[in-house]
Amino acid sequence: MGCMVLGFFEIIQNLPQVVVTLVDGPAFARGLGIISASDIVVVTKNAKFSISETSVGLVPAQIAPFVMKRIALSMARYLMLTGLRFSGERALSIGLANLLVEDGGLDEALRQIKADVNSCAPGANRSTKMILMEMMFCQK
């Protein structure tokens, strides 16, 4: 990806494999950055989220570009400027998560995602990810 300097979240995002993140419990700050850099995110109703940096006097500079590409700018502003804590249901409704499962349902969700991903050609998925990232991060 010629237009990017690679950092932690870029490495996750640019892996040629499909990156699935499962969340059951708290995912604050950098945890939310990992989620935002992932391809598929499954959360439980028990999951809790927050872009908490501003509530402790920090700026969420490292995760902001990834969060903003994952969710709408207006929602990213709201979450970053308030440090609001929110649920797995809310994560799904704003597009941070792809799937919401009952507590204890992560294993079955992962099994189904693996089956779905394995039904696709690895080379096609790898190329699709490259195209999507170029389109999202290299726009002017």
Side-chain angles (χ1 to χ4, degrees):
M1 322 251 21
C3 68
M4 295 177 8
V5 175
L6 292 182
F8 179 68
F9 301 114
E10 289 93 355
I11 290 169
I12 293 170
Q13 156 191 282
N14 293 332
L15 286 170
Q17 300 83 7
V18 176
V19 177
V20 180
T21 299
L22 308 174
V23 184
D24 181 27
F28 293 1
R30 286 188 157 201
L32 213 131
I34 292 169
I35 291 166
S36 296
S38 299
D39 298 312
I40 299 171
V41 178
V42 184
V43 302
T44 65
K45 292 183 177 182
N46 185 49
K48 301 289 182 236
F49 303 87
S50 178
I51 303 173
S52 57
E53 287 89 340
T54 54
S55 64
V56 295
L58 301 172
V59 176
Q62 290 182 326
I63 70 168
F66 299 92
V67 172
M68 289 176 23
K69 296 294 184 179
R70 183 105 190 166
I71 65 175
L73 174 60
S74 63
M75 183 56 69
R77 284 178 167 172
Y78 176 63
L79 296 175
M80 287 182 200
L81 297 174
T82 64
L84 179 74
R85 292 184 180 203
F86 57 99
S87 68
E89 290 159 333
R90 182 85 182 261
L92 179 68
S93 73
I94 64 172
L96 184 64
N98 301 103
L99 298 170
L100 174 70
V101 299
E102 296 292 330
D103 295 343
L106 290 175
D107 289 338
E108 177 57 27
L110 182 58
R111 187 199 63 71
Q112 183 61 53
I113 290 167
K114 284 180 178 180
D116 294 342
V117 169
N118 287 334
S119 72
C120 299
N125 273 350
R126 181 175 41 255
S127 296
T128 298
K129 284 185 67 168
M130 288 175 53
I131 289 167
L132 291 170
M133 291 305 102
E134 283 291 331
M135 290 171 59
M136 290 300 293
F137 284 89
C138 295
Q139 294 176 353
K140 298 227 181 224

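Quick note: numbers below take in every heavy atom, side chains included, and nothing from hydrogens, waters or symmetry partners.
Not one N or O on the side chain of T54 forms a donor-acceptor pair closer than 3.5 Å with the backbone of L81. Remark: side-chain polar atoms of R85 are not paired, donor with acceptor, to backbone N or O of S50 under 3.5 angstrom. Side-chain N or O atoms of D39 include none that pairs as donor or acceptor with a backbone N or O of V20 at under 3.5 Å. The main-chain N or O of G7 is found under 3.5 Å from a side-chain atom of E10 such that the two form a donor-acceptor pair. Between the D103 side chain and the N46 main chain, a donor and an acceptor come within less than 3.5 Å of each other.
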Using the side-chain contact (heavy atoms from CB on, under 4.5 Å) rule, take R70 and I63 through it: C-alpha gap first, then chi angles, then the decisive distance, then the call. CA-CA 11 Å; R70 183 105 190 166; I63 70 168; over 6 Å; no

Decide side-chain contact (heavy atoms from CB on, under 4.5 Å) for M133 and K69; before the verdict, give the C-alpha distance in whole Å, the side-chain angles of both, and the deciding distance to 0.1 Å. CA-CA 10 Å; M133 291 305 102; K69 296 294 184 179; over 6 Å; no

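With sequence neighbours excluded, no residue forms a salt bridge (Lys or Arg N to Asp or Glu O under 4.0 Å) with E89.
L32 and I71 fall within a single hydrophobic cluster, where Ile, Leu, Val, Met, Phe, Trp and Tyr side chains are chained together by heavy-atom contacts under 4.5 Å. No path of Ile, Leu, Val, Met, Phe, Trp and Tyr side chains, each step under 4.5 Å between heavy atoms, connects F28 with L96, placing them in separate hydrophobic clusters. Tracing side-chain contacts under 4.5 Å through hydrophobic residues (I, L, V, M, F, W, Y), one never reaches M130 starting from V18; they form parts of separate clusters. Side-chain heavy atoms closer than 4.5 Å link hydrophobic residues (I, L, V, M, F, W, Y) into clusters, and following such links, possibly through other members, connects V67 to Y78. Using a 4.5 Å cut-off between side-chain heavy atoms of Ile, Leu, Val, Met, Phe, Trp and Tyr, with links allowed through other members, V19 and I40 fall into different hydrophobic clusters.
Separating the CZ atom in R126 from the CG atom in N14 is a distance of 13.5 Å, to the nearest 0.5 Å. Note: S52 OG to L84 CG = 11.5 Å, rounded to the nearest 0.5 Å. If you take CE on M135 and CD1 on I131, they are separated by 8.5 Å, rounding to the nearest 0.5 Å. For the atom pair R30 CZ and F8 CZ, the distance stands at 7.5 Å (nearest 0.5 Å). Once rounded to the nearest 0.5 Å, the distance linking CD of E53 with CE of M80 reads 8.0 Å.
Using cut-offs of 30° and 60° for the angle between ring planes, the F66 and F9 rings count as tilted.
For the side chain to side chain contact (heavy atoms under 4.5 Å, CB included) criterion with V43, the lone passing option out of L99, L106, L100, V101 is L100.
Atom CD of E108 has more than 12 heavy atoms from other residues, nucleotides or ligands within 6.0 Å.
When every heavy atom of P16 is checked against every heavy atom of K129, the shortest pair comes out as O-CD, 3.9 Å. Heavy atoms only, all atoms of each residue included: P60 and I51 are closest at CB-CG2, 3.9 Å. The two residues I34 and S38 come nearest to each other via the heavy atoms O-OG, 2.8 Å.
M75 has its side chain within reach of R90: a pair of non-hydrogen atoms, C-beta onward, lies under 4.5 Å apart. Side chains of F49 and I35 form a contact here, defined as non-hydrogen atoms less than 4.5 Å apart.
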Donor-acceptor contacts, no H, no angles, side chain residues 114-123, under 3.5 Å, sequence neighbours left out:
residue : atom : partner : partner atom : Å
D116    : OD1  : Q112    : NE2          : 2.8
N118    : ND2  : K114    : O            : 3.1
S119    : OG   : D116    : O            : 2.6

